[in-house]
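Remarks on the structure that follows.
Chain A is the first sequence line, chain B the second, and so forth, proteins listed ahead of strands; every chain is numbered from 1.
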Protein chains: 2
Amino acid sequence: MTRTLSEENYLKAIFHLSRNSKEKVSITTLAAALENTAASVISMLKKLTAKELVDYDKKKGASLTTVGEKAAIDIVRKHRLWEVLLAEKLEFSWEEIHDIAEQLEHVHHPELADRLDKFLGFPQFDPHGHPIPDIKGNISKIFGTLLSESAVGVELEVVGVKDSSSMFLNYLKKLDIKIGSKLKVEQIIDFDQSAVIKINNGGDISVSRKFLESILITSTGN
Amino acid sequence: MTRTLSEENYLKAIFHLSRNSKEKVSITTLAAALENTAASVISMLKKLTAKELVDYDKKKGASLTTVGEKAAIDIVRKHRLWEVLLAEKLEFSWEEIHDIAEQLEHVHHPELADRLDKFLGFPQFDPHGHPIPDIKGNISKIFGTLLSESAVGVELEVVGVKDSSSMFLNYLKKLDIKIGSKLKVEQIIDFDQSAVIKINNGGDISVSRKFLESILITSTGN
DNA sequence: ATATAAAATTAGTCATGTCTAATTTCTATT
DNA sequence: AATAGAAATTAGACATGACTAATTTTATAT
Ligand SMILES: [Mn+2]
Ligand SMILES: [Mn+2]
Ligand SMILES: [Mn+2]
Ligand SMILES: [Mn+2]
């Protein structure tokens with residue numbers, strides 16, 4: 001009953017996608033997330049359904065069974081713990097760790113996650129600000145809200161990113177934005193929902209709606 | 001030009017097998033080492049030959065090209081560095097680390113080995129006493145000689161194992177033999193080349209020839 | 001030199017996981 | 001209700017890396 005790399009990636013994708021919208025995940029959505037075709041997704045979902053890791057066919061869309069969700073959370077836990085090790089111990093930067101963790105998350109050993117967890121001092125969040133499931137699979141609420149939901153003029157602090165791709169993180173690096181950076185939304189452009197923001201009380205720059213939806217912040221009073 | 005897990009395991013197997021005997025490796029030998037059939041080995045060797053990682057067909061047997069050897073050493077380096085991390089940082093024991101490292105060695109990132117190396121303080125040997133290739137691919141001579149080559153009555157110290165399988169290491173654990181343990185060969189049985197040995201100046205036990213060929217020792221004077 | 005055994009090779013099959021190209025089934029909109 | 005477009009599904013192909021069952025080649029012993 002050991003899972004293949006592909007199976008694990010499907011489970012994780014379903015987990016993340018149904019986490020946001022809370023609903024069942026469509027073939028099309030999964031296909032886009034995994035960069036596979038709909039045909040491939042369907043055949044894998046059949047396989048996962050047979051293994052009782054996924055509920056499908058019912059209406060439209062897939063969801064994880066209890067066992068499937070447990071497996072997915074385990075992968076996410078490993079992924080985020082490895083990211084902490086890569087960043088804190090091996091001195092990899094924000095934009096490098098995700099792709100390496102994407103490989104490390106598939107290393108199997110019953111005790112590995114727990115040993116890592118202990119060695120790292122039971123971290124609560126990974127370097128991108130995402131909560132690390134604990135040994136029992138409990139996940140704390142995500143910390144912070146999307147920058148896109150912030151009011152204009154309020155002093156904000158970056159607590160995480162929604163998108164961990166190296167493309168996005170390299171962009172942030174160029175803008176000198178990291179966890180702890182100060183942001184302020186100066187204005188929203190009605191036309192396309194883009195915005196002008198101020199970074200670390202420095203100069204103003206213009207960013208897209210997509211950008212605003214990829215950063216997690218908290219308000220720091222004011 | 002990224003290598004698959006299978007390709008990497010073949011390269012590593014050829015490397016280890018040609019290291020001992022210094023000669024080209026036969027299909028049969030490789031098949032046994034990889035627990036695959038001869039037919040499978042041949043088709044993979046053709047593939048690796050086409051990729052110019054292996055020289056084959058010539059006479060009988062396979063050997064690594066310069067590029068292939070570089071790749072193999074890189075995998076061995078990662079394997080052993082990960083073993084050090086698993087043992088020293090994550091507190092895994094002798095017999096657990098090899099199988100996990102077998103997975104970790106296939107994680108790809110150009111800087112990963114070097115970062116690990118630095119974090120671990122540039123270890124020279126892995127927890128089984130095997131030399132870790134340095135950043136340039138240089139490998140120190142293996143430390144110690146086989147227990148099977150020791151004279152009777154000489155005080156010896158365990159410096160490593162030749163066989164890192166959990167089956168063998170669990171056996172050693174039961175015998176309370178680890179790196180640093182004291183051994184003495186009391187007598188060799190002519191009939192089957194088995195031996196009676198003394199462990200840590202304790203009781204005598206009888207072990208097979210295969211056992212004697214799986215332990216690396218140094219003489220400690222006397 | 002010849003028979004026998006071992007080793008290498010070829011041919012064909014299979015499981016996985018992907019794809020493309022139909023085809024079918026929904027969903028909207030008029 | 002009819003119909004265009006989107007989403008899901010099916011059918012068939014393909015790459016990878018294994019396998020089994022011949023067959024051929026090579027080595028060894030008489
Ligand atoms: Mn990540
Ligand atoms: Mn992954
Ligand atoms: Mn090992
Ligand atoms: Mn391996």
Footprint string (nucleotides 10-22 of chain C, 5' to 3'): B base within contact, S backbone only, - free, heavy atoms under 4.0 Å
B-----SSBBB--

Is there a side-chain contact between A/Phe211 and A/Leu175, using heavy atoms and a 4.5 Å cut-off?
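Yes, their side chains come closer than 4.5 Å.
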
Taking the basic N atoms (NZ, or NE/NH1/NH2) and the acidic carboxylate oxygens, is any pair closer than 4.0 Å for B/Lys47 and B/Glu7?
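Yes.
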
Does a side-chain N-to-carboxylate-O contact under 4.0 Å join B/Glu95 and B/Lys173?
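Looking at B/Glu95 and B/Lys173, the cut-off is met.
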
Between [atom2] of [N] and [atom1] of [X], the distance in whole Å:
X       : N      : atom1 : atom2 : answer
B/Leu48 : D/dA18 : CG    : P     : 11 Å
B/Lys51 : D/dT16 : NZ    : C1'   : 11 Å
B/Asn9  : D/dT16 : CG    : C1'   : 15 Å
B/Leu30 : D/dA18 : CG    : C1'   : 15 Å
B/Lys24 : C/dA8  : NZ    : P     : 13 Å

Quick one: do A/His109 and B/Asp99 satisfy side chain to side chain donor-acceptor pair (under 3.5 Å)? Show the steps, please.
CA-CA 9 Å; A/His109 182 89; B/Asp99 292 341; over 6 Å; no

Would you call the rings of B/Phe125 and B/Phe143 parallel, tilted or perpendicular, taking 30° and 60° as the class edges?
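Answer is tilted, since the angle falls between 30° and 60°.
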
A/Phe119 six-ring centre to A/Lys89 NZ/CZ under 6.0 Å and within 45° of normal
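Checked: cation-pi criterion met.
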
Taking atom NE2 of A/His128 and atom CD of A/Glu83, what is their separation to the nearest 0.5 Å?
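So the NE2 of A/His128 and the CD of A/Glu83 are separated by 5.0 Å.
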
Between the two ends of the helix from C/dA1-D/dT30 to C/dT30-D/dA1, what is the bend in degrees, rounded to 10 degrees, where each end axis spans five pairs?
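Taking the rotation axis at each end, their angle is 10°.
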
B/Arg77, B/Lys12, B/Arg80 screened by side-chain hydrogen bond (donor to acceptor under 3.5 Å, both in side chains) with B/Glu105, the one that passes:
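Only one option passes, and that is B/Lys12.
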
Heavy atoms from C-beta onward define the side chain here; which of D/dT9, C/dA8, D/dA7 lies closest to that of B/Ile27?
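Per side-chain heavy atoms of B/Ile27, the pick is C/dA8.
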
